[in-house]
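Before any comments, here is the structure.
Remember, it's a predicted structure, so these values are computed and weren't measured experimentally.
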Amino acid sequence: MLILIAVLTALAVLSIIVVLMQVVPGRGGMASRLEELHPAGGVQEVLARRKRQERSDRLKSVLEAVGENVASGRTDAGATRQFLMQAGYPDPSAVAIYWAARFTLAMGLCVASLLFLPLFDIPFLQVLLGVMWLTALGWVAPTFYVRARLKARQKQVQLALPDMLDMMVVCVEAGLGLNQAIVRVADEIDHVSPVMSEQLAIVNLEMRAGTPREEALKNFAERTGLVDIRSLVSMLIQTDRFGTSVADALRVHADTMRTKRRQRAEEAAAKTTIKLVFPLVLFVFPAMFVVVLGPSVIAIFRMFVSLQ
C-alpha cells in the first residue's frame with residue numbers, strides 16, 4: 001500500500017510539472033534573440049539553440065511559479081535576496097528559484113526514497129528514518145551550496161582587496177578622479193579577481209545611471225558582505241565629505257589591508273599544528289606503532305609459544 005501511494009504521488013507530481021511546462025509560455029530574453037540572429041551557425045544550429053532556450057525558459061517559469069508559492073508566507077525575503085546576491089545571483093527571480101530548488105529537491109528525494117528503500121527489504125522504521133533524513137538533506141543542500149559559493153566569492157574579494165587599493169592609489173596619484181579610477185581598476189584587476197572586477201563594474205554602471213556615489217559604494221558593501229569592504233566604503237565616504245586627500249587615505253588603508261592579510265596568513269599557519277593533531281593520532285601514530293612495535297610483539301608471541 002505504501003509503495004502504491006508513493007507511485008501515485010510521483011505520477012501526480014510529474015503530471016503537474018508536464019502540464020505547467022505545456023501551459024506556461026517560454027519567455028526569451030533579448031540576449032537569446034540576438035544569439036538567434038547571429039549568423040555564425042547554420043539553420044539547424046539556430047533551431048536547436050532556440051529549442052534549448054525555450055525549454056530553459058519554460059523550466060525557469062515553472063520553478064518561479066513553484067518558488068513563489070513556497071515563499072508566499074515567508075517574511076525573510078529581503079535577507080534571502082541579500083544572501084543570494086552576495087553569492088553571485090543578482091537575478092530578480094533568484095529568490096523564487098532558490099525556494100523552488102529546495103522544495104523540489106526535498107520532494108524528489110522523499111519520493112525516490114519511498115520508491116527504492118522498500119525494495120532492499122529494509123524494516124519500516126528504518127525506511128521512515130531514511131525518508132526523513134533524505135527529505136531534510138534535500139531541503140538544506142541548496143543552502144549549503146549557496147553558502148559555499150558565497151564564502152568562495154568573499155575569499156576571492158578579500159585576497160584581491162590590497163591589490164585593488166594599490167591600483168587605485170596609482171590611478172588617483174596619476175590624476176584620475178575616483179570614478180575614473182574605479183573604471184580603470186575594474187578593467188585591470190579582471191585577471192586577478194573576476195569577482196572584484198564585476199563588483200567595481202557594477203559600481204561604475206550605477207554611478208553612470210545617476211545613482212549618487214555614496215549610495216553606489218554602500219550597495220557595493222552590501223553585495224559583498226565583507227567587513228573590510230564596509231570599512232573601505234566608510235573611509236571613501238568620509239574622505240569625500242570632508243575633502244581630504246583620497247590618495248593618502250587609500251595608501252594608509254592599503255597598508256592596513258596588507259597587514260591584515262599577513263596576520264590572517266600567520267593565524268592560519270599557527271592553526272596548522274592543532275589541525276594536525278587528529279590526523280597524527282588517528283593515522284600516523286598507529287602506523288608507527290605497528291612498524292616499531294610489530295616485530296617485537298611477534299618475537300615475544302613466538303617465544304611464549306615455544307615455551308609451551
Measure the [atom1]-[atom2] distance between [X] and [Y] for me, rounded to the nearest 0.5 Å.
| X | Y | atom1 | atom2 | answer |
| --- | --- | --- | --- | --- |
| L217 | M207 | CG | CE | 6.5 Å |
| M196 | F220 | CE | CZ | 5.0 Å |
| L150 | M85 | CG | CE | 12.0 Å |
| L280 | M288 | CG | CE | 9.0 Å |
| N204 | E206 | CG | CD | 10.0 Å |
| M257 | L159 | CE | CG | 12.5 Å |

Heavy-atom side-chain proximity of [X] to [Y] below 4.5 angstrom:
| X | Y | answer |
| --- | --- | --- |
| V185 | C171 | yes |
| N69 | F103 | no |
| T80 | W99 | yes |
| S231 | H253 | yes |
| V192 | I189 | yes |
| V203 | R223 | yes |
| F278 | F283 | no |

If the threshold is 4.0 Å, N to carboxylate O, is there a salt bridge linking [X] and [Y]?
| X | Y | value |
| --- | --- | --- |
| D255 | K260 | no |
| E222 | R230 | yes |
| R264 | D228 | yes |

D163 and R258: side chain to side chain contact (heavy atoms under 4.5 Å, CB included), yes or no, with the steps? CA-CA 9 Å; D163 299 329; R258 289 194 177 279; 3.2 Å; yes

Got a sec, which hydrophobics cluster with L134, joining ILVMFWY side chains under 4.5 Å apart, including via others? L105, L109, W133, L137

Residues forming a salt bridge (Lys or Arg N to Asp or Glu O under 4.0 Å) with R184, sequence neighbours excluded: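 Here the qualifying residues are E188.
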
Taking salt bridge (Lys or Arg N to Asp or Glu O under 4.0 Å) as the test, write out the residues that go with K275, two or more places apart.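 Per chain and number, K275 pairs via salt bridge (Lys or Arg N to Asp or Glu O under 4.0 Å) with no residue.
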
Treating [X] as the side-chain partner and [Y] as the backbone partner, does any N or O pair qualify as donor plus acceptor under 3.5 Å?
| X | Y | answer |
| --- | --- | --- |
| R102 | G138 | no |
| T256 | V252 | yes |
| D190 | A186 | no |
| T239 | V246 | no |
| Q154 | T224 | yes |
| D240 | L236 | no |

How close do [X] and [Y] get, heavy atom to heavy atom, and via which atoms?
| X | Y | answer |
| --- | --- | --- |
| V290 | P295 | O-CD, 4.1 Å |
| A221 | V233 | CB-CG2, 4.0 Å |
| A106 | W139 | CB-N, 3.8 Å |

Shared ILVMFWY cluster between [X] and [Y], side chains joined below 4.5 angstrom?
| X | Y | result |
| --- | --- | --- |
| M107 | Y98 | yes |
| V277 | F289 | yes |
| Y145 | F83 | yes |
| V170 | M235 | no |
| L165 | L226 | yes |

Measure from NZ or CZ of R149 to the centre of the six-membered ring of Y89 and say whether it is under 6.0 Å with the direction within 45° of the ring axis.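 R149 over Y89 ring: yes.
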
With S193, the side chain to side chain donor-acceptor pair (under 3.5 Å) member among R153, Q158, Q156, E198: Q156

Chi angles and distances behind the side chain to side chain contact (heavy atoms under 4.5 Å, CB included) call for M164, M167: CA-CA 5 Å; M164 184 269 286; M167 294 182 186; 5.8 Å; no

Taking it one step at a time, do D187 and V183 satisfy side chain to side chain contact (heavy atoms under 4.5 Å, CB included)? CA-CA 7 Å; D187 294 335; V183 176; 4.2 Å; yes

Check the pair L161, L232 against side chain to side chain contact (heavy atoms under 4.5 Å, CB included), reporting the backbone distance first and the verdict last. CA-CA 10 Å; L161 183 58; L232 171 63; 3.9 Å; yes

